[in-house]
Amino acid sequence: MLVVFEGPDNVGKTTISENVSKQLKKDNIPTQNVAFPGNQHGTLGRFIYELHHKHNYYNINHIPQISLRLLHVAAHFDTINTSILPVIDKKLVLLDRHWWSTFVYGKVGGIKREVLDKIMEIEKMAWKDIEPDIIFLINRKKPIEIRKNQKWMKLRAEYLKLAKRESVKKNIIKIENDNTIEETTQNIISILKAY
Ligand SMILES: Nc1ncnc2c1ncn2[C@@H]1O[C@H](COP(=O)(O)OP(=O)(O)O)[C@@H](O)[C@H]1O
Ligand SMILES: Cc1cn([C@H]2C[C@H](O)[C@@H](COP(=O)(O)OP(=O)(O)O)O2)c(=O)[nH]c1=O
């Protein structure tokens, strides 16, 4: 089973997916956390994560938007093959981000729709026929740490628009994480247990 956590930065996705996983493991449900672009040492996904966050460290002054999206797509091919496909039949995979991030960050980054659609065609090939069983869209009124607020509001709006479009074909559950992390975790656990 594949369960996805999506949403802009700083809404609590990583913490929630780790808390949910800890709780399910306590209940003897085999669970695996996976994050996009990738968090396993020794993988291309992890390298692209590092490159995204610390491009100056690699002596790169600037990564153009289209290049950045294509790097993420390359990471997704890797993470799906190295971390998702080998365990998907045996474990509940909790995935921190999905192809939605490529679309939303690309759109807010100003990539023209026809170019973005082409990038998305390749991105979706990485997924073969794997569809999430549930997508939790984690939402907040404002980011947990207030930094680049204007861009964050745009990301949030794009996520909400995409969720509306996708809701005809996918099981999308919007979760408000404005209260405590414990409440949000319990809310998600009860939804998963009832599923
Ligand atoms: N409901 C909440 N209330 C207060 N702090 C929270 C809440 N949810 C998450 N956090 C904290 O916010 C920070 C950022 O969360 P994180 O899981 O990294 O978000 P994301 O993965 O969406 O960027 C973490 O320190 C986390 O513990
Ligand atoms: C998966 C993905 C992430 N990203 C971005 C979103 C985040 O800024 C960054 C991932 O870094 P990370 O620190 O994991 O994000 P978060 O704050 O959600 O925990 O990569 C893309 O731009 N495109 C993508 O396809």
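Position 1 is the first residue of the sequence, and the numbers go up from there.
Comment: Glu158 does not engage Arg156 in a salt bridge, judged by the lack of any side-chain N to carboxylate O separation of less than 4.0 angstrom. Remark: Asp117 does not engage Lys124 in a salt bridge, criterion side-chain N to carboxylate O under 4.0 Å. A salt bridge does not link Asp78 to Arg46: none of the charged side-chain nitrogens sits closer than 4.0 Å to a carboxylate oxygen. A salt bridge does not link Lys118 with Glu121: none of the charged nitrogens is closer than 4.0 Å to a carboxylate oxygen.
At least one side-chain heavy atom of Ile84 sits under 4.5 Å from a side-chain heavy atom of Leu95. Proximity of Leu2 to Ile88: side-chain heavy atoms (C-beta onward) are separated by under 4.5 Å at one or more points. Using a 4.5 Å heavy-atom threshold, the side chains of Ile188 and Ile138 count as touching. Side-chain contact between Trp127 and Glu123 is present, with heavy atoms from C-beta onward closer than 4.5 Å.
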task: Please test Lys193 against Asp27 for salt bridge (Lys or Arg N to Asp or Glu O under 4.0 Å), starting from the C-alpha separation and ending with a verdict.
output: CA-CA 11 Å; Lys193 287 199 168 163; Asp27 297 340; 2.5 Å; yes
task: Could you go through the side-chain contact (heavy atoms from CB on, under 4.5 Å) check for Asn33 and Val93 one step at a time?
output: CA-CA 6 Å; Asn33 282 101; Val93 175; over 6 Å; no
Evaluation steps, side-chain contact (heavy atoms from CB on, under 4.5 Å), between Glu6 and Ser101: CA-CA 7 Å; Glu6 264 289 8; Ser101 297; 2.8 Å; yes
- request: Mind running side-chain contact (heavy atoms from CB on, under 4.5 Å) on Trp152 and Arg140 for me, showing each step along the way?
  value: CA-CA 11 Å; Trp152 189 89; Arg140 278 181 57 95; 4.3 Å; yes
- prompt: Can Lys107 and Lys112 be said to form a side-chain contact (heavy atoms from CB on, under 4.5 Å), step by step?
  reply: CA-CA 7 Å; Lys107 184 107 189 290; Lys112 280 199 194 117; over 6 Å; no
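Around the OH atom of Tyr58, the shell of radius 6.0 Å holds more than 12 heavy atoms that belong to other residues, nucleotides or ligands. When the shell of 6.0 Å around NZ of Lys164 is examined, it contains 12 or fewer heavy atoms from other residues, nucleotides or ligands.
Under the 30°/60° scheme for interplanar angles, the aromatic rings of Phe36 and His76 are found to lie parallel.
Side chains of Glu18 and Thr15: no donor on one and acceptor on the other come within 3.5 Å.
Taking CG from Asn187 and CG from Leu192, the interatomic distance works out to 10.0 Å, rounded to the nearest 0.5 Å. Of the inter-residue distances, the one linking Glu182 atom CD with Gln23 atom CD reads 11.0 Å to the nearest 0.5 angstrom. Atom OG in Ser167 sits 12.0 Å away from atom CD1 in Ile173 (nearest 0.5 Å).
Between His72 and His52, the distance separating the two ring centers is shorter than 6.0 angstrom.
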